[in-house]
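Remarks on the structure that follows.
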Amino acid sequence: MKIALTREISPNFNQCELTHLDRQPIDLALARQQHHEYEDALSAVGCIVCRLPAEAGLPDSVFVEDCALVVDEAAVITRPGADSRRAEVEAIARVLAPYRKLYFVQPPGVVDGGDILRVERRIWIGLSTRSNQPACDQMRDFLGPYGYEVNTARLAGCLHLKSAVTQVAPDALLLNPAWVDPAALPGFDIIEVHPAEPSAANAVLVGETIIYPKAYPRTLERLQARGIQTVLVDASEVAKAEGAVTCCSLLLNI
Ligand code: GLY
């Protein structure tokens with residue numbers, strides 16, 4: 001059984017952090033509607049959705065992925081790179097505690113879950129404006145004993161590693177080569193995003209299906225040509241907050 005942990009959109013979502021994007025007004029009602037449709041997509045691919053209440057004091061808190069890395073044996077509670085986001089982890093740690101042994105990233109380590117790509121027992125952490133080497137070293141100390149290999153990857157031009165690359169099939173990654181060098185992630189088939197759709201590399205893989213934004217039709221054609229099953233969602237409002245589909249859930253097997 002798979003739980004998808006989500007959190008309701010904050011009433012102060014318009015005060016979210018922005019790094020690479022200019023601020024545009026977010027339509028809160030539409031953002032909430034899209035988020036509920038995203039939760040419906042998670043249910044449709046077999047997840048049990050567990051939604052946490054909104055946090056008015058934490059504008060970015062819908063992006064629960066940034067708060068933890070969950071593997072079958074344990075969970076690492078992150079220390080988000082933006083000061084405004086540090087307190088987001090408290091509620092997530094409380095929810096995960098009954099299910100996993102918890103490890104906590106400590107200063108000077110900082111890492112956002114959006115910078116962590118895991119494929120089976122291989123983990124890559126993007127060295128970004130939000131995530132640093134001390135956090136990678138701690139992650140290796142926490143998860144190495146369980147048989148996980150922790151690597152780093154350099155980014156250019158995007159917020160998080162998973163803005164640039166996500167897994168879309170057991171052996172395939174969807175990737176923007178302008179933002180991350182595919183040589184950093186050896187051993188996979190690489191499906192490149194369409195050059196006109198640089199933000200198209202973020203997909204949520206559940207089983208054999210991806211939850212994928214409607215906004216990238218040309219990259220979608222490439223995915224469908226590879227036989228990848230998709231459930232499409234409209235993620236226009238979280239995109240204005242520099243978020244994407246993986247950011248809005250934390251998946252755990254129970
Ligand atoms: N607004 C998403 C982030 O910057 O963390």
Side-chain angles (χ1 to χ4, degrees), residues 5-32 34-35 38-39 51-52 54-70 76-93 105 107-117 124-132 135-136 139 153-166 176 179-180 198-204 211 213 215-216 233-251:
L5 190 60
T6 65
R7 178 141 59 185
E8 195 70 70
I9 302 262
S10 170
N12 291 311
F13 197 24
N14 272 290
Q15 273 96 62
C16 65
E17 295 282 339
L18 289 174
T19 306
H20 295 275
L21 298 183
D22 293 331
R23 197 167 293 281
Q24 297 179 59
I26 296 170
D27 179 333
L28 277 185
L30 181 57
R32 291 192 178 109
Q34 290 177 351
H35 193 242
Y38 169 80
E39 292 172 329
R51 183 195 303 154
L52 300 179
E55 292 270 7
L58 297 170
D60 275 302
S61 51
V62 67
F63 299 130
V64 289
E65 174 189 55
D66 288 315
C67 294
L69 170 67
V70 183
V76 179
I77 304 300
T78 64
R79 186 165 178 267
D83 287 346
S84 71
R85 303 200 56 191
R86 290 268 152 82
E88 289 178 28
V89 301
E90 290 163 18
I92 302 298
V105 174
V110 286
V111 60
D112 286 3
D115 273 321
I116 306 173
L117 174 68
W124 287 266
I125 301 181
L127 295 174
S128 70
T129 56
R130 299 290 177 80
S131 301
N132 65 11
C136 299
M139 204 70 79
R154 301 217 161 261
L155 309 181
C158 61
L159 179 61
H160 286 138
L161 179 62
K162 278 187 283 195
S163 318
V165 56
T166 55
N176 178 345
W179 288 350
V180 67
S199 300
N202 188 271
V204 179
I211 298 174
Y216 309 118
V233 292
D234 192 341
S236 66
E237 300 312 291
V238 293
K240 292 177 188 170
E242 224 164 339
V245 286
T246 62
C247 317
C248 296
S249 58
L250 259 177
L251 304 180

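All residue numbers in this chain count up from 1 along the given sequence. Counting convention: from 1, in listed order, for ligands and their atoms alike.
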Report the C-alpha distance between E237 and R32 in whole Å, list the side-chain angles of each, state the deciding distance to 0.1 Å, and finish with yes or no for salt bridge (Lys or Arg N to Asp or Glu O under 4.0 Å).
CA-CA 9 Å; E237 300 312 291; R32 291 192 178 109; over 6 Å; no
Would you check the N or O atoms of D112, main chain and side chain alike, for any that come under 3.5 Å of an N or O of ligand 1?
no
Look at atom 4 (O) of ligand 1 and say which protein heavy atom is nearest, naming residue and atom and giving the distance to 0.1 Å.
R130 NH2, 2.8 Å
Hey, is CZ on R23 packed in by over 12 heavy atoms from elsewhere, all under 6.0 Å?
yes
Short N/O distance, under 3.5 Å, between R85 and ligand 1?
yes
So does I26 get a backbone contact from the side chain of N14, meaning a donor-acceptor N/O pair under 3.5 Å?
yes
Is the closest side-chain donor-acceptor distance between D112 and S131 under 3.5 Å?
no
Modelled atom types, side-chain donor and acceptor of S128 and D115, under 3.5 Å
yes
Going by atom types only, do E88 and S61 share a side-chain donor-acceptor pair under 3.5 Å?
no
Which of the ligand 1 atoms, numbered from 1, are nearer than 4.0 Å to a heavy atom of A241:
1 (N), 2 (C)
So, regarding E17 and ligand 1 (criterion: nitrogen or oxygen to nitrogen or oxygen, under 3.5 Å), is there a contact or not?
yes
Would you call A82 a ligand 1 contact, heavy-atom distance under 4.0 Å?
no
So is T19 close enough to ligand 1, meaning a heavy atom under 4.0 angstrom away?
no
L159 neighbourhood, listing ligand 1 atoms whose heavy-atom distance to it stays under 4.0 Å
3 (C), 4 (O)
